[in-house]
Novice: 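One structure coming up, written as structure tokens, with questions to follow.
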Amino acid sequence: MASLFAGKVLIVNNRDRDEVETERELCSALENRVMLLYFGAAECPRCRSFVPRLKDFFVRLTDEFYVERASQLCLVYVSRDATAQQEEAFLKSMPKRWLSLPFGDEFKRWLRFVVSEVPRVVVLKPNGDVLVGNAVDEITSMGPACFQNWQEAAELVDRNFRLAEDFDDCARRSITDPLRRLKYRLGKGEESRSEEQKEDGDESS
């Protein structure tokens, strides 16, 4: 289960331990793609009901059995599982292309305070902007068809038109830029809310 640390965000792939991916391969898995952050828990009844739909959605867009070329899509699992064993058992039943934040990761613990209800799927542009705050209903009702809307809104660059140096540039940048930008924006939002609450408190005193 290869991992890469970049920009203080650790990303882990869901492949077998003997299929170690390089930084370049992990970079390719994240760069110029719509990123889904799936917040869920293996023991959550609503998550167990939704996960088959999410798995089918992802596979139909990325598996060569269904598509000639995999869509520019990646998924990062942000678990609310009670134990590392629960998380590991869940990931073993999911597609190998899925990524995850390690159990006990500081950033993941922080995200869990921001997202209170599961299941939730946050859709991000490559630059970290939020496209959809919770795409669970959209994925459930529309299936893979909704990806076309996200792809257009994200203004992805078609891989056929990317030059080799684009991928070299990718290796020099943090491959977790979208997550780091999201963390920064959420952090700024928390600071703003804290300042507003402080001002309200001062006015009422």
Novice: May I ask you to check whether Trp150 and Gln72 show a side-chain donor-acceptor distance below 3.5 Å?
Specialist: no
Novice: Give the minimum heavy-atom separation between Thr140 and Val136, together with the two atoms involved.
Specialist: OG1-O, 2.8 Å
Novice: Could you tell me whether a side-chain N or O of Arg46 sits under 3.5 Å from a main-chain N or O of Val118, the two making a donor and an acceptor?
Specialist: yes
Novice: For the backbone of Ala82 and the side chain of Gln86, can you confirm whether one donor and one acceptor N or O come within less than 3.5 Å of each other?
Specialist: yes
Novice: Check the pair Met142, Asn149 against side chain to side chain contact (heavy atoms under 4.5 Å, CB included), reporting the backbone distance first and the verdict last.
Specialist: CA-CA 11 Å; Met142 296 180 62; Asn149 297 331; 4.0 Å; yes
Novice: Between Ile139 and Phe147, does the side chain to side chain contact (heavy atoms under 4.5 Å, CB included) criterion hold? Intermediate values first, please.
Specialist: CA-CA 9 Å; Ile139 291 171; Phe147 176 74; over 6 Å; no
Novice: Can you name the closest pair of heavy atoms from Lys125 and Ala154 and give their distance?
Specialist: CG-CA, 4.0 Å
Novice: With no hydrogens and no angle check, is any side-chain donor or acceptor of Ser71 less than 3.5 Å from a backbone partner on Leu61?
Specialist: yes
Novice: Do the side chain of Lys55 and the main chain of Ser93 share a donor and acceptor less than 3.5 angstrom apart?
Specialist: yes
Novice: Please determine which of Val76, Leu36, Leu37, Val132 meets the side-chain contact (heavy atoms from CB on, under 4.5 Å) test together with Leu124.
Specialist: Leu37
Novice: Determine yes or no for a side-chain-to-main-chain donor-acceptor pair under 3.5 angstrom, with Arg60 supplying the side chain and Pro144 the backbone.
Specialist: no
Novice: Where do Asp81 and Ala42 come nearest, in terms of heavy atoms and distance?
Specialist: OD1-N, 2.7 Å
Novice: Are Phe57 and Tyr66 grouped together when hydrophobic residues (ILVMFWY) are joined by side-chain heavy atoms under 4.5 angstrom apart?
Specialist: no
Novice: Quick check for you: to the nearest 0.5 Å, what is the distance between Leu91 atom CG and Ser79 atom OG?
Specialist: 7.5 Å
Novice: Other residues, nucleotides and ligands only: do more than 12 of their heavy atoms fall within 6.0 Å of CG on Asp137?
Specialist: no
Novice: Is there a side chain to side chain contact (heavy atoms under 4.5 Å, CB included) between Phe58 and Asp63? Walk through the geometry before answering.
Specialist: CA-CA 8 Å; Phe58 185 83; Asp63 194 306; over 6 Å; no
Novice: Would you confirm whether Asn134, through its side chain, and Arg120, through its main-chain N or O, come within 3.5 Å as a donor-acceptor pair?
Specialist: no
Novice: Could you give me the CA-CA distance, side-chain angles and deciding distance for Tyr38 and Ser100, then say whether side chain to side chain contact (heavy atoms under 4.5 Å, CB included) is met?
Specialist: CA-CA 9 Å; Tyr38 169 53; Ser100 66; over 6 Å; no
Novice: Counting the benzene-type ring for Trp, do Phe90 and Tyr77 have ring centres under 6.0 Å apart?
Specialist: yes
